[in-house]
Amino acid sequence: MNSTDDEYWNEKSFEGFSFADEEKELNLPKKIPPECEGLQIGSTKTKLENVESLDKLLSKEILDKIFKKHDSKSHKINSTQKKLNFVKSTIENIVMSFTYTLEPYRSLEEKTILLKEALDTEDGNAILTVVIFLTNTLKKSIFQRILRDNPIAASHYVQYLYSKQYINELVDTLEMLGRIKDAMMMLFKFGCRNPQNCLQRFNVCVNLADEQYDKQIISQLIHLVGKSAESTSVVSLISDNCKEQQNIQSCRVLANEFNLSTKQLEATLLITFCQLQNWILVDDMLLNKNWLGKDKLALSLPIGETVKLLHNNGAPSSSLTRYLKMIKDSDERLELAKKFNCHHIIIDDFALKKDRRGLLVYKTTLQKQSESYYYADVILKNPVKYEVEKLTTLVYNSLVITKLITR
């Protein structure tokens, strides 16, 4: 041990350990340091005068990060606002025909917000674009639920399916929306356009129809298609039958089978007979002989409408004149006669009114050497004969009235 070590151990500040000293220390009252005064258990006051504050130990930036509270609600609002702004930007691009993409929208929530924003614009192109995107990216059940909740979107989608002729999807969508009547009518309409699979579609229509009248009409049409694949309606079927057999009674039987009305049958037969230029059959259908042997109408159609129908289908003037004479209203008779150039009726009207001057003027408008020209000339030269014929007609009418009264 060198001299330095001896000095260290011999210094007075370092005294040796003694148990006696320890006992003295335990018996003496302990003195509390000044800096610890006031820091006692159960005390309501604490004295930390010599403690350094945190803002002196740490920088403000670090303290802000430590004590900053994480506001989850505020963060969620900011996130939702960002999504909404992104959606609005996308829809604006669609409306303005700018470049856009719908691929980022993957969740149902995002797609729902996208549709709502499109509906708010009231732009048909934007709405349909989003709806088609939804139908391609969502389950069918979810997509249908969204359509039910958004009638405007459903309307645009239905119109789109109709324009594209997507018949099955259109009918399914209308049924899903509860528009059963519309689904049936659409199926019926497309069935009539396509004879190849019309029977299949008509059978579906029968199942969709909820009214007995609709079921009856469609069932008759199914029967019609099965009876004659070439005919597209009951009228065309009867017309074809009439052309083949030229028999009125067989046509009546066929019309009764399909509940065709009497007026519909008469119009169909008249048009068909005119097309065949068979004026004898026209007279057989329209005229019957009364008990005096005179012709009388056997027709449900108004005589004026019948004459128009005959004229429009090429009936000769003689047939038109025959039926025009049966119109009781003189003004209607004269109007139709002028319209269809039935000169005999017009000449008779001048004679009945004893308008010789008017008849002379009218005669100048007629073609010379024609039947009507000679007819006017005869009346002008023999007015007494015309009066006799008129009197005969009056007597005939009186006899008919008397016979009806005495029955």
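Not measured: the values here are computed from a predicted model.
Side-chain contact check for T272 and S239: at least one donor-acceptor pair (N or O, by modelled atom type) lies under 3.5 Å. Side-chain contact of E92 with Y100: a donor-acceptor pair under 3.5 Å is absent, judged by distance alone. Looking only at atom types and distance, the side chain of S261 has a donor-acceptor partner in the side chain of Q264 under 3.5 Å away. In this model, a donor atom of one side chain and an acceptor atom of the other lie less than 3.5 Å apart for Y362 and H343.
Residues Y105 and F86 place their aromatic rings such that the two centres sit under 6.0 Å apart.
Here S155 contributes atom OG and Y160 contributes atom OH; the two are 15.0 Å apart, rounded to the nearest 0.5 Å. We find the CD-CG distance between E110 and L84 to be 12.0 Å, quoted to the nearest 0.5 Å.
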> Passes side chain to side chain contact (heavy atoms under 4.5 Å, CB included), T101 versus N93? Steps please.
Replying inline: CA-CA 9 Å; T101 178; N93 288 340; over 6 Å; no
>> Could you go through I280 and F273, starting from their C-alpha distance and side-chain angles, then the distance that decides it, and tell me whether this counts as side chain to side chain contact (heavy atoms under 4.5 Å, CB included)?
In response: CA-CA 9 Å; I280 295 177; F273 292 151; over 6 Å; no
> Hey, mind stepping through Y373 and Q367 against side chain to side chain contact (heavy atoms under 4.5 Å, CB included) and telling me if it holds?
Replying inline: CA-CA 6 Å; Y373 184 86; Q367 183 179 357; over 6 Å; no
>> Determine whether D283 and Y323 satisfy the following criterion, side chain to side chain donor-acceptor pair (under 3.5 Å), listing intermediate values before the conclusion.
In response: CA-CA 10 Å; D283 292 341; Y323 296 112; 2.5 Å; yes
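Within a 6.0 Å radius of CG in L360, other residues, nucleotides and ligands contribute more than 12 heavy atoms. Within 6.0 Å of the CD atom in E175, the count of heavy atoms belonging to other residues, nucleotides or ligands exceeds 12.
Salt bridge status for R333 with D329: absent, with no side-chain N to carboxylate O gap under 4.0 Å.
Residues L324 and I327 have side chains in contact (heavy-atom distance under 4.5 Å, counting atoms from C-beta outward).
Closest approach of A153 to L119, counting heavy atoms only: N-CD2, 4.0 Å.
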